[in-house]
Amino acid sequence: MITKALDVTYGLFQAFDRAGSVDALDRTLLDAVSKLGVESTFAGIIPIPGTSRRDQAAHVLLDSTPPGWTERYFKAGHLFRDPTIRRLTADLTPFRWSDIEPAYRADAAARRVMDEAGDFRLRQGFTVPLITLDGRVAGFSFGAERFDPSPELRGMLQLVASYAFGRSIALGEGPPRPEVRLTPREREALQWAADGKTEWEIGELMSISEHGAEKHLRSIRTKLGTASRTHAVAEGFRRGLLK
Amino acid sequence: MIHIVTPENVDRYRDAMEQAYRLRHQVFVEEKGWHDLAKPDGREIDQFDDGHAVHMLAMQEDRVVGYQRMLPTTRPYLLTEVLPELCEVEAPRSARVWEWTRYAVQRDVRDRGRILSPVGSALLAGIVEWGLESGIESIVIEMNPLWLLRLVQLHFRVTPLGLPCRIAGEDTLAVVAAFDVRTLRRLRETRGDAASVLTARPALPQRLAS
């Protein structure tokens, strides 16, 4: 017998696949989790300590917290005092905010963050730590005035958070970049580089000198704005210049 | 490079398979503490290491630096025999679905920080290349739920088979992950390398060749 939680998860995954924008996905998510007692969602990549307050806000991926809270949070510099953020970077298992209360009870600054969150109807919640493909730690939080999810619901939210985050990143990758024009010879050299050929080999394959191959690759790096050959190949794929 | 070892070519991989069984023992028994798999000779071998298993070895010259094992789901497999509690729905049984097990990477070439290591991504690309050539569409995985986001980002279409459960002290989730050419393109893009990771064209699994 399939549990209701798994059934709801399937429905949500399909809805996330259909969402055409990050906003649409966020609305779908919020609509579904509000039936489970969640009032707001918040998700983002955790900036490394030292990141400016303005850049911190750029790490936010999804945000449906009550108006005023996110501005207040970054302006006050709450990020690195926030006990949920500290816990996220130390331990990658999901947690209820009430689970970590004993750990920050004696820390006045951390308590203030949580008290202020409470003023914005973020008194109770559940946070799912995530790791992105490029190795960055992210967090996905579900909050409300009152929210104490069952173990089953926590398992489901962990799956939903991971999927929604992955889809949001994919949907956010869309903005077109300035077009880059490679000459046919540069395109050929890049294709050989992608196939793992050395500069000497590329020279042989294209019937030019090693120096000539080097020159093509240097020009490609300049046009693509990349520092290394590997990065140029990756960028070539992203821009559809390579097969 | 990723080498695919089946009963047809195992004779050429005697030494490498020795290394693979020792790597499995090191990772699953000594590091992860799955003590019921411990073997006095330090080679972790179980009931699924029979003629139906497909072994994949990541090799740097003669050294095995990474390993994984693919099991057909048309026979009893790990999920159905050892971890049935992870599966709430009917377990997949299809020639087009194989199970990914015993993923192990030598410590010195493992993920730097939390990034998927080049050996790890080569092993994954190995599955997808082999799968696309062999008519396989998806893999069953029992994994830490943290892998879910990675798989979604790599364009696997993931369907959970149950909710996460605690197994041997670690949160574990069973999923079916479907892949296609987009997945391979994404993996190659991530690796910054368009070349095939497989050493030679693998023989088709026998059940699909007939």
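To find a chain, count down the sequence lines: A is the first, B the second, and so on, and within it residues start at 1.
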Please round to the nearest 0.5 Å and tell me the distance separating atom [atom1] of [X] and atom [atom2] of [Y].
X: Ser162(A); Y: Leu151(B); atom1: OG; atom2: CG; answer: 10.0 Å
X: Gln158(A); Y: Leu173(B); atom1: CD; atom2: CG; answer: 7.5 Å
X: Thr132(A); Y: Ile115(B); atom1: OG1; atom2: CD1; answer: 8.0 Å
X: Leu163(B); Y: Thr9(A); atom1: CG; atom2: OG1; answer: 6.0 Å

Does some side-chain heavy atom of [Y] sit less than 4.5 Å from a side-chain heavy atom of [X]?
X: Leu92(A); Y: Leu146(B); result: yes
X: Asp193(B); Y: Val233(A); result: no
X: Phe13(A); Y: Thr159(B); result: no
X: Phe140(A); Y: Leu149(B); result: no
X: Ile169(A); Y: Val152(B); result: no

Under 4.5 Å from any heavy atom of chain A - which part of Ser121(B):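 Interface part for Ser121(B): neither.
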Tell me whether [X] at atom [atom1] has more than 12 heavy atoms from other residues, nucleotides or ligands lying less than 6.0 Å away.
X: Asp62(B); atom1: CG; value: no
X: Trp147(B); atom1: CH2; value: yes
X: Glu90(B); atom1: CD; value: no
X: Lys215(A); atom1: NZ; value: no

Most chain B-contacting option - heavy-atom pairs closer than 4.5 Å, from Asp134(A), Leu130(A), Leu159(A):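 Sorted descending by pairs with chain B, the first entry is Leu159(A).
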Residue selection (most heavy-atom pairs with chain B, distance under 4.5 Å) from Ala138(A), Gly155(A), Gly196(A):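 Most heavy-atom pairs within the cutoff with chain B belong to Gly155(A).
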Backbone of Leu148(B) reached by a side-chain donor or acceptor of Tyr163(A) within 3.5 Å: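 No, because the side chain of Tyr163(A) does not come within donor-acceptor range (under 3.5 Å) of the backbone of Leu148(B).
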Residue Pro151(A) versus chain B: region with a heavy atom under 4.5 Å: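 It is neither, since no heavy atom gets under 4.5 Å.
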Val128(A), part contacting chain B, at a heavy-atom distance under 4.5 Å: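 For Val128(A), no heavy atom lies under 4.5 Å from chain B.
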For Tyr10(A) against Leu161(B), the heavy-atom pair lying closest together: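 Looking at all heavy atoms of both residues, the shortest contact is OH-CA, 4.1 Å.
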Non-hydrogen atoms of Gln153(B) and Leu133(A) that approach each other most closely: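 Looking at all heavy atoms of both residues, the closest pair is OE1-N, 2.7 Å.
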Pick from Arg186(B), Arg185(B), Arg191(B) with the largest number of heavy-atom pairs that fall under 4.5 Å of chain A: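 So the answer, after comparing Arg186(B), Arg185(B), Arg191(B), is Arg186(B).
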